[in-house]
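Reading through the structure tokens given below for one structure.
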Amino acid sequence: MPHVITQACCNDAACTVVCPVDCIHPRPADAAFARSEMLYIDPDVCIDCGLCAQECPVDAIHAQDRLPAALADFAALNRGYFQVHPVVPHKLQKTLAPQHQAPRPLRVAIVGTGPAGCYTAMELLEAGGAPVAVDFFERLPTPWGLIRSGVAPDHLHTKAVARQFAELLAHPRVRLHLNVDIGTQIGTAALAAHFDAVVYAVGASESRSLGIAGEHLPGSHSATEFVGWYNGHPDHAHHGFDLSGPVAVLVGNGNVALDVARVLLSDPQTLRAGSDIAPHALQALAHSQVREVQVVARRGPAHAAFTLSELMGLLQHPDFDVVVDPAELALGAAAASGTDTPFVVAEKLRLLAACGARAPVPGRRRLRLRFGLTPVQIDGAGRVASIRFTTADGAPTEVAAGLVLRSVGYRGRPLNGLPFDDTQGRLPHQAGRVLSAPDGEPLAGTYAVGWIKRGPSGVIGSNRACARETVASLLEDAREGRLAAPAHGAQDLDHLLRQHAPDRIGWRDWLRIEDHELQAGRRAGRPRVKLTSRAALLELARPATPAGAPA
Amino acid sequence: MNPVDTERTAFRTCPLCEATCGLAITLRGERVVRIAGDRDDVFSAGYLCPKGTTLGELHEDPDRLRTPLIKREGRWESATWDEAFSRVGELLRPIVREHGADAVAVYLGNPIGHNLSGLLYPRTFLKALGSRNLYTASTLDQRPKDLVNALLYGERYTLAVPDIDRTDLLVVLGANPVVSNGSLATAPGWPRRLQRLRERGGRLIVIDPVRTQTAEIADQHIRIRAGGDAALLMAVVHTLFDENRVRPGPLNAWLRNLDTLRQACRDWSPARVSGITGIAPEVIRQLARDIADAPSACVYGRMGTTTTAFGSLASWLVEAINILTGNLDRPGGAMFPLPATGSPNTRGRVRMGKGAQIGRWHTRVRQAPELFGEFPTVCLAEEMDTPGEGRYRAMIVVGGNPVSSAPNPARLDRALQGLDALVAIDPYLNETTRHAQVILPPPSPLQRSHYDVHFTQWSVRNVAKYSPAALPLQDGQLDEWQIMCRLASVLDGSGQTVEQVDDALMRAMVRTAVADEASPAHGRGIDEIVAALGPVAGPERLLDLLLRSGPYGDGFGARAQGLTLRRVMDTPHGVDLGALKPRLPEVLRTPDGLIDLAPEPLLGDLERLSGVLKTARPAGLRLIGRRHLRSNNSWMHNVPSLMTGRPRSRLWMNPDDARTRGLVSGERARVRSSAGAVDVTVDVNDRVPPGVVSLPHGWLDDAQQVRLSVADARQAANVNRLMSEADVDVPSWTAVLNGVDVDVDRINTPGDLP
């Protein structure tokens, strides 16, 4: 019996490194790797050793004979991939020796503690070797970026990726500075003066807008706000959403849209025990009247933005039915998208067709996947009442809904003191080296990684390859003498932090918060109970220390 | 097509561990393209583990030594074999002349047990040397089993193995065969076999402090306190007597001292041991009942039982339970294999023997007894560094790295440095061989033929598998048997050729075979047999002799359908000789032909166990080891594909213990025992229970003057720095490697502040 990769696959390819028979595909060196939604195990080559399962940061790999029922379909999916993409078994050469040893002590600042920043530190410490030391800076009082505030609260396996990042923070040459806003509290130039290099991993947190009338009516929000709200992001925890109507509409059908729909339709009891959703959101959802969520996309099912594995997970959900209109299913079925492999598109279409053929259970909550609808206008007197679309045939249609959430993409936010590529919504860069302008020169010692570098694409593990590229550039610059030694030392940095970021939260402080949340979760029978306000987080981080004193 | 471009497949039994899996090795020219499991192998049926896929990497490892090395003025120089052996003579012969052969000690490592030449040829140079001071890796981990086998069945390798393919209940104690691939029970594909056990309605009970991967697939996991095994087993034996469940059945005819055992366990009630074992009395009683009531059952104990302070007692009681419940020597119980190349329990007169050969001579410093002609490795360093008459002045080390694998490596390291001479047969420059003056490298496993002469004695099914070398020797390489024959010739100064040494060995083995009443070649003429074996020197000729004169052999014509090496060679996926069959009483080689259920050396150790019950358990932590699928004791850590991924040399600690110490995963901590200290990275997880920490063995943490670049690329700790050579299982003098009291403290790092 082979092992099977399932829904939570994060593509960070840690599994491929340990596989003794190299049966996990596509492999990072393959052209298909960058495009692939997930990785697959070739069941005819797998020797069932289980090393990949132990290495997987998100527990996505299971022995086939111990596959959880909800993931049973993934066995056929793994096998099916190799029927479409056959491979010849071949053992790859593996190496351990650091590739780009740093030539001298290097102090690197990483701004942002999400996956991109964390993978950057992992790669730096591994490839740079003993001379490298890392300081993390994070605007929020909590680390992990979108792992904490973006990943759906019921995707606990995906969040487990933070375990390896938590170990990273325990590394003797890594320091953590939470609740320090680079660009406002400490300027980018001041930061640069204290480090050999600064890597920006600040993500892309701005939602793109629909650009239609009525978008700003109460009841119309970005999905980002809703996600931040249910995940207890301190900037979004205060929002309120009207859940009194029976129908909610999500514009856009990426995985975030599916997450939001799933949370809206899940039984609150399921969410209480099986997620770390913020307490205020849980309370609000307990009174929700939403019975149907329509997830609406402009294009046809062949171009659906959600991943196959998320669709498979959705179809197994116990709390609601997934419904597709057979007529909409026929739209543009022939057109293959450029980002997925033909195998994935074909599988998605097959599953959607099965949904279309199935009659929903009356009275049960339902998620309607809709295709070929272009939003035209949001209507309502003082608040959202409905949204109008044009169908693929050009006909108008309207959906009555009390809540409209848009999830049609993200862009980065400019940082004080750094260039910005406004058309792309990200930092201009060349292989991770930040440029003075989109076609400009590299800014010495300044780098980018993650969404602020490549735009909002890929899954968590995609950041690993992205980080590898940035780190290779950084270490090459170090070797070539292109990095100026910092004007100020580590002690000066401590002074700077005391002066300008008196509410800085350190790693040990964060461990107290973490422990508090986990213990509170244990008492409540939940995975974790999050603290959602800056004040509460700060109070816990600094129990007895007067503000301004060093931790 | 150019032959270099043509792919070919070589079938070979994996020589890395005891599981003996069949490999299908795809080669192109001299290079390995890939290695898969041989689906047609009669024993392993396609199973293999990650280690088996790396023979190509091992072969191509740039750190693996290809030519002899001679150290001159502290620097290593490549040398010819003639130069190397000449240097060996210069180094060792004067020491033997001046101080006698006993001034040269020999250490044989574990890998020679997996190696045809390594099993058949050491006797050439051992005889030529004539030293009594022989040490083996066995004395570090399996000696309690050897001792108990010798005391009960008359011979150390007469091991009753779990009949896992037929048992109704397997009780695994202190072993993790899903990860280790099993030990002292050769069975390729333990995971599959355990799966099948459960599919046919059998049960698996795992007794282990750790939630191992074997425990995870068990029907019941009994989380025993580390070090409680012997006491638990005493209480199980007590319960069997107490509840009148002792049913040896037909075994009764061969048992003695049943009443002595009954008396001995009278005071060992489950209630009395529940403190030290951490197991409720009712759970212990139920365990005894489960074993007694199952249609067939087998208790199997390994490292967690043998490398503890009471390893001999625990090993004895495992046998006792299997015997008392009638499970010894019956299908589904613990059975004696019948190997095709024979063993001491297939030779000589049945039900007659000298008994356990122990204590005939002793070490100089601590008066430790020899067991089966070997001294305990825990005594090695002191015999080198304690001044006085009889101090070891030189060593020959074959396929062993005791500085890594024995307690107190720092002392052993210094002691080896103080020797006048050290000669090693080894493919690597490691922590031990760095102190050598001459290193003689054997070829890689792919360049050697293979037959498991040793592990077929412990195999859960009788099989005969021969593998020819997959790749030829390079010019200037010697096979390992040739190295050993030349070493013999140098040591006795005879100047004999390799062929002459080999001939003498072959003739001696033929003499033994024709003199053996049990052999089908018994009574035949020596010259006739020698002629039949042919003129070609080497291990194949000896193997042919063993097979033909063994239990299934053709007896050189006496049995027409019998085995010969040719017949085994013609069956590249192995010859299946069937499931194990009952062998009592012919397997016994005890002086009285009976099984002594209560041997004196073991009874005498019970008082020590009682003493432990009285002393309160220290509040601190207990250190135990663990296995990893990609590790193989102290070697194979230089193979890149086995070293990728998360670091493995890490201290496992329960979340409760971590919380009290303010530790989280990834942090550095210092582990201290009475013997020493190591710095480690902590991995907090609940696989280990509160009060137990676990650190694996065999990791390189001192790479000075070694040539193991891959192993050195990862931060690691040698756990044996925490082990003391003074801490032993008394009857067997086996090192205590499991259940060591330690303290663990966080190491403050700059990362903590500002």
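Naming convention: chains lettered A, B, ... in sequence-line order (proteins, then strands); numbering from 1 in each chain. Atoms considered below: every heavy atom in the structure, side chains included; atoms not considered: hydrogens, waters and symmetry mates.
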- Query: So with a 6.0 Å cut-off around CD of E199(B), is the heavy-atom count from everything else above 12?
  - Reply: yes
- Item | Part of I47(A) lying under 4.5 Å from any heavy atom of chain B | both
- Task: Identify the two heavy atoms, one from A170(A) and one from S665(B), that lie closest to each other, and give their separation to 0.1 Å.
- Result: CB-O, 3.4 Å
- Just by distance, do the side chain of T644(B) and the backbone of V17(A) share a donor-acceptor pair under 3.5 Å? yes
- Would you say R34(B)'s side chain and K91(A)'s backbone share a donor-acceptor pair under 3.5 angstrom? no
- Distance col, row Q195(B):CD vs R66(A):CZ, nearest 0.5 angstrom, shows 8.0 Å
- Message: Does this structure show an ion pair linking E167(A) with R646(B), if we count only N-O contacts that are shorter than 4.0 Å?
- Response: no
- Take atom NE2 of H59(B) as the centre, draw a 6.0 Å sphere, and report whether it contains more than 12 heavy atoms from other residues, nucleotides or ligands. yes
- Query: Side chain, backbone, both or neither: which part of L642(B) has a non-hydrogen atom closer than 4.5 Å to chain A?
  - Reply: neither
- Task: Would you mind telling me which of R714(B), R668(B), R659(B), M643(B) has the largest number of heavy-atom pairs within less than 4.5 Å of chain A?
- Result: R659(B)
- Message: Please classify the contact of D515(A) with chain B as side chain, backbone, both or neither, using a heavy-atom distance under 4.5 Å.
- Response: side chain
- Inspect the contact between R508(A) and E667(B) and indicate whether a charged nitrogen and a carboxylate oxygen are less than 4.0 angstrom apart. yes
- Message: Around atom CZ of R196(B), are there more than 12 heavy atoms from other residues, nucleotides or ligands closer than 6.0 Å?
- Response: yes
- Rounded distance (nearest 0.5 Å) linking atom CZ of R163(A) with atom CG of D683(B): 10.0 Å
- Task: Please examine the side chains of L51(A) and P50(B), heavy atoms only from C-beta on, and report whether any two atoms are closer than 4.5 Å.
- Result: yes
- Message: Can you confirm whether more than 12 heavy atoms, excluding those of R522(A), are under 6.0 Å from its CZ atom?
- Response: no
- Item | Criterion side-chain contact (heavy atoms from CB on, under 4.5 Å) on Q213(B) and Q54(A), from CA distance to verdict | CA-CA 11 Å; Q213(B) 281 169 265; Q54(A) 289 165 39; 3.4 Å; yes
- Task: Considering only heavy atoms and a distance below 4.5 Å, find which of C49(A), G50(A), A133(A) pairs most often with chain B.
- Result: C49(A)
- Does any heavy atom of chain B fall under 4.5 Å from the side chain of L92(A), the backbone, both, or neither of them? neither
- Item | Contact leader toward chain A among L629(B), L48(B), V682(B), where contacts are heavy-atom pairs under 4.5 Å | L48(B)
- Task: Quick one: pull up CG in D48(A) and SG in C49(B) and give me the separation to the nearest 0.5 Å.
- Result: 12.5 Å
- Partner chain B: residue of D22(A), V45(A), L493(A), D65(A) with the largest heavy-atom pair count (under 4.5 Å): D65(A)
- Query: Has Q715(B) got more than 12 heavy atoms of other residues, nucleotides or ligands less than 6.0 Å from its CD?
  - Reply: no
